[in-house]
Amino acid sequence: MAIRKIQYAPTKPGRQPCTVVRKDFALSPGELELEATLDKQLYHHGNSINVSMCVKNNSGKTVKKIVIHVVQCIDVAMFTGGHHSARVASVETTEGCPVVPGSTLQKQFTLYPTIKATGRYGVAVDNHSKGDDAYLASSTLLADENNRDIFGLIVSYSVKVKLMLGALGGELTAELPFVLMHPKPDMKKMMKADTLNFNYSQDLDTDIELAENLQDHLRMEPLRRRHV
């Protein structure tokens, strides 16, 4: 016997993810500011993720490259250090760069988190789907962070936006968590389909039973030779 726990996406999505991060430098006046926003907080499997960003460079450093990752985080509740992360979509570009001191940059990127982008290794996948229809594991929703199933996996997703400043400048990172799940199915349609399948199965069992009864009443008679 196998018991499978299924969670579906909530009907009411949460607040739109948005964050602002800043970085100052010891030997340079001013600061570098990065504002990143997602178009929504709840995504269904197969949806694209739109990331909007705004860079305000009031420092003396130069932004040389922009890197964006969609990261799947897995926590194994059984182990204290059981944490693993994998990139399920990535964008790396120098378009709009360099962002020199005193300038600004606004851009929007679209990412598609899929198993094909990861090579199916090192990521958590939906056990119910197989082959080309396989999906990434859905986000785990917890009512209480301290109440975890000891044999379970806690799956979460986030978008990380990085501004690369070179070897001496380092990087500035903004992280935006989001939820990736299957939509809640229509229970009425599912019950109707189950009823139709059940009735078809009953009819099929009745036909088989009638055929068996007819076969029981049939007797094989030996052929009689006719004299001509």
Side-chain angles (χ1 to χ4, degrees), residues 2-21 34-53 66-92 108-162 173-190:
I3 300 176
R4 184 167 177 261
K5 181 180 179 181
I6 303 176
Q7 286 184 327
Y8 292 110
T11 55
K12 295 182 179 180
R15 297 177 58 184
Q16 182 181 10
C18 179
T19 185
V20 179
V21 293
L34 169 61
E35 180 181 356
T37 309
L38 301 182
D39 55 336
K40 54 185 177 180
Q41 185 257 355
L42 173 62
Y43 295 91
H44 296 156
H45 290 279
N47 291 161
S48 60
I49 299 176
N50 296 319
V51 185
S52 301
M53 57 173 292
I66 300 171
V67 180
I68 303 177
H69 300 304
V70 179
V71 181
Q72 180 194 71
C73 298
I74 307 169
D75 288 325
V76 183
M78 184 179 296
F79 305 103
T80 304
H83 179 78
H84 173 74
S85 61
R87 299 171 182 173
V88 295
S90 298
V91 170
E92 184 174 333
Q108 182 174 347
F109 300 92
T110 302
L111 294 93
Y112 300 90
T114 59
I115 293 181
K116 295 181 180 179
T118 63
R120 299 176 66 92
Y121 295 102
V123 295
V125 299
D126 188 354
N127 188 37
H128 186 64
S129 55
K130 297 180 181 180
D132 295 335
D133 297 331
Y135 293 101
L136 294 168
S138 298
S139 300
T140 306
L141 301 181
L142 295 176
D144 184 5
E145 289 289 337
N146 298 322
N147 187 13
R148 298 188 176 189
D149 185 2
I150 190 174
F151 298 106
L153 299 177
I154 310 300
V155 181
S156 60
Y157 292 89
S158 64
V159 173
K160 291 186 177 182
V161 183
K162 295 184 179 182
T173 304
E175 186 172 2
L176 299 165
F178 67 92
V179 177
L180 179 65
M181 302 188 74
H182 289 286
K184 187 176 181 180
D186 191 344
M187 299 305 297
K188 293 183 179 179
K189 292 183 178 180
M190 292 181 62

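Note that the coordinates shown come from a computational prediction; the quantities given were computed from them, not determined experimentally. These values consider heavy atoms only, across backbone and side chains, with no hydrogens, waters or symmetry-generated copies.
Listed by chain and number, the residues in a side-chain hydrogen bond (donor to acceptor under 3.5 Å, both in side chains) with S138 are H45 (sequence neighbours excluded).
Looking at S139, its side chain does come within 3.5 Å of a backbone N or O of L180 through a donor-acceptor pair. Looking only at distances, no side-chain donor or acceptor of Q108 sits under 3.5 Å from a matching main-chain atom of N50. Judged purely by atom type and a 3.5 angstrom limit, T140 uses its side chain to pair as donor or acceptor with the backbone of V155.
Contact check for I115 versus L136: side-chain heavy atoms found under the 4.5 Å cut-off. The side-chain heavy atoms of C73 and V71, taken from C-beta on, include a pair separated by under 4.5 Å. Side-chain contact between L111 and V159 is absent, with no heavy-atom pair separated by less than 4.5 Å.
Distance check: Y135 OH to T114 OG1 gives 11.5 Å after rounding to the nearest 0.5 Å. In this structure, the separation between OG1 on T173 and CD1 on I68 is 11.5 Å, given to the nearest 0.5 Å. For the atom pair E92 CD and H69 NE2, the distance stands at 7.0 Å (nearest 0.5 Å). Here the CG-CD distance, from L176 to Q16, works out to 10.0 Å after rounding to the nearest 0.5 Å. Of the inter-residue distances, the one linking L38 atom CG with F178 atom CZ reads 7.5 Å to the nearest 0.5 angstrom. To the nearest 0.5 Å, the span separating CG on L34 from CE on M53 amounts to 5.5 Å.
Considering every non-hydrogen atom in both E35 and C18, the closest pair reads OE2-SG, 4.1 Å. Between T19 and A174 the shortest heavy-atom distance is CG2-CB, 3.9 Å.
Atom NZ of K40 has more than 12 heavy atoms from other residues, nucleotides or ligands within 6.0 Å.
Partner V70 forms a side chain to side chain contact (heavy atoms under 4.5 Å, CB included) with one of S158, P113, S90 and no other, that one being P113.
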Fill in: Verdict with reasoning, L153 to V76, per side chain to side chain contact (heavy atoms under 4.5 Å, CB included)
CA-CA 5 Å; L153 299 177; V76 183; 3.6 Å; yes
